[in-house]
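What follows is a set of notes on a single structure, which appears directly below.
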Amino acid sequence: MTLNPADQDFATRLRETVAPEVLRAPDPRHLEEPRGRYAGHGGLLALPRDVSEVSALVRAANAARVPVVPYGGGTGLVGGQIAPDGPAPLILSLERMSAIREVYPTENVLIAEAGAVLADVQAAARAHDRLFPLSLAAEGTARIGGNLSTNAGGTGVLRYGNARDLCLGLEAVLPDGRIWNGLSRLRKDNTGYDLKNLLIGAEGTLGVITAASLKLYPIPAVSGTALFMVPSPAAALDLLSLARDRVGDGVSAFELIHGQGLQFLDEVLPDIRQPFSESPGWCVLIEVGLARGLDPQAVLTDLFEDAVERGLCEDGLIAQSEAQRRDFWSVREHIPEANRRIGAVSSHDISVPISLIPEFLSRGKDLVASLGDYRLNAFGHMGDGNLHFNVFPPKGKSKQDYAGTPAAEVKRALHDLVHDMGGSVSAEHGIGRAKVEDLERYKDPVALEVMRVIKAALDPAGIMNPGAVLRS
Ligand SMILES: Cc1cc2nc3c(=O)[nH]c(=O)nc-3n(C[C@H](O)[C@H](O)[C@H](O)COP(=O)(O)OP(=O)(O)OC[C@H]3O[C@@H](n4cnc5c(N)ncnc54)[C@H](O)[C@@H]3O)c2cc1C
């Protein structure tokens, strides 16, 4: 179906439906994305203040066949929030809908509007002595509607699950403008199809999330953080098993860091305090969160000694203060920025079955070496089987030297390997516009067909985020 731009005529008609202050020209920030890979265009920016305004805007866009691109914090890394081509869309930013509507501490439930910044949701939970465990480096900017729409992961998935696992219910506006009130606080509700799980991870292609009912957890009474140097990824995997055998669900993060990542930090972010005097081949950042009465330092020391005895660990640092804990996390969280400054030829957000991570790293390394002279930095959420496996030019060259065919060759070869190993080519960032072809190549054809049927049923005019996830 042909779509029309969000032009002046459309703006004039919209002003009859919504208050004038809801509409304005898009700001440059709504047309950029963090890695600068897409430049967006937008005819009009809408900043609705409540769900009825969202409904009026979407209903009008549907009637006029104008594309709608929902916008949260703009931190998505696959171009889902940016329309680089096609008729100029209505960019629908949820930033004014940022209220925490209710907190139910005894139920461990919090209801937030979709535009609430993730860090503010965490703070609101903390104010009630509760934990909202979704945590990622972009949490000061990303908004809960965007987190749910991308089914964000981050560092707490190992213990608490991803955004999908943390959601009990949604309020959303469907592509025809109808408001679906599914803000359930129920943990058990077996009444047919689970609509919230259709919208979660849909990246704005099936409707606009306007509010969410979220799960909270008790804040662990005590916590501890350590960096352990490991001889290999296989040792890191055994260390993860050992840690979970000893500490159970108390292991709340287990992040693999490659020595190359520390060298990149040294090269481009020298102010970040390096933990080890000499860069290790590999290390892991472990965090434990424990119940009252347990001593995290003692737990981590015991784990360290046991791991050394078993040959799983060569050296280690256990944070002795909050400042040191922050330093450890700062190392992990600045690796993406260091990567950005070095400039990757090709970046991959992949997952494989957890036990195959060492094999993937070894096969991936050989594969990349067979394609040319590259540097590799693999890091990430090892406990979830999710790695950011990034390929860089050798020193003295830049990513521009590999643009086009060489970069595409690297990506294709690595994604084929991931697929052969039963993995996913998008573990946590989504499909957006960057991975539409990958989805077509690797997704089970029946699943892909069902996705298209669902899209056509809910959004027959194809106004919701056209070109994202499914080819329009
Ligand atoms: C430094 C950095 C670190 C990151 N680390 C992680 C990480 O560890 N784990 C991880 O999973 N991701 C990570 N990301 C990616 C990003 O932060 C997440 O994808 C985040 O969930 C996006 O939220 P957002 O509000 O910025 O969404 P946006 O970027 O605004 O939008 C993302 C997608 O969701 C859609 N959307 C937004 N709001 C709504 C809504 N209310 N209703 C319907 N659709 C909507 C948009 O159309 C778009 O398709 C990182 C990004 C950066 C820059």
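Counting starts at 1 for both ligands and their atoms, following the listed order. All values reported here derive from a predicted model rather than from experimental measurement.
- Only the side chain of T150 comes within 4.0 Å of ligand 1, counting heavy atoms alone; its backbone N, CA, C and O stay farther away.
- Heavy-atom separations between G207 and ligand 1 include at least one value shorter than 4.0 Å.
- Ion pair K215/D165 not flagged as a salt bridge, since none of the NZ, NE, NH1 or NH2 atoms sits closer than 4.0 Å to an Asp/Glu carboxylate oxygen.
- Considering backbone and side-chain atoms alike, P34 places every N or O at 3.5 Å or more from each N or O of ligand 1.
- Using a cut-off of 4.0 Å between Lys/Arg side-chain N and Asp/Glu carboxylate O, R101 and E171 are scored as salt-bridged.
- Between R341 and E267 there is no salt bridge, since no side-chain N of the basic residue sits under 4.0 Å from a carboxylate O of the acidic one.
- Applying the 6.0 Å contact sphere to CD of E437 captures no more than 12 heavy atoms from other residues, nucleotides or ligands.
- Under 4.0 angstrom from ligand 1, the non-hydrogen atoms of N465 all belong to its side chain.
- Note: an N/O pair closer than 3.5 Å links G73 and ligand 1 by distance alone.
- Considering backbone and side-chain atoms together, Y71 places no N or O closer than 3.5 Å to any N or O of ligand 1.
- At a 3.5 angstrom cut-off on N or O pairs, G153 counts as close to ligand 1.
- Between L77 and ligand 1, no N or O atom pair is found at a separation short of 3.5 Å.
- With a heavy-atom cut-off of 4.0 Å, H429 touches ligand 1 through its side chain alone.
- Contact between G74 and ligand 1 is present, with at least one heavy atom of the residue lying under 4.0 Å from the ligand.
- Close contacts between ligand 1 and A137 involve ligand atoms 3 (C) [criterion: under 4.0 Å to a heavy atom].
- Side chain of R130 to backbone of Y217: no donor-acceptor contact under 3.5 angstrom is found.
- Atom CZ of R15 sits in a crowded spot, with more than 12 heavy atoms from other residues, nucleotides or ligands closer than 6.0 Å.
- At a 3.5 angstrom cut-off on N or O pairs, V208 does not count as close to ligand 1.
- Here is the list of ligand 1 atoms found below 4.0 Å of a heavy atom in G204: 43 (C), 44 (N).
- Residue-ligand proximity, E203 to ligand 1, at heavy-atom distances under 4.0 Å covers atoms 35 (C), 47 (O), 49 (O).
- Inclusion of L94 in the set of residues having an N or O under 3.5 Å from an N or O of ligand 1 is not warranted.
- Ring-centre distance between H258 and F379: not below the 6.0 Å cut-off.
- The shortest heavy-atom distance from G154 to ligand 1 is under 4.0 Å.
- Ion pair E95/R29 flagged as a salt bridge, since at least one NZ, NE, NH1 or NH2 atom sits closer than 4.0 Å to an Asp/Glu carboxylate oxygen.
- Some N or O of R143 is nearer than 3.5 Å to an N or O of ligand 1, by distance alone.
- Residues E287 and T225 bring a donor and an acceptor atom of their side chains to less than 3.5 Å of each other.
- The distance criterion of under 3.5 Å between nitrogen or oxygen atoms is not met by A114 with respect to ligand 1.
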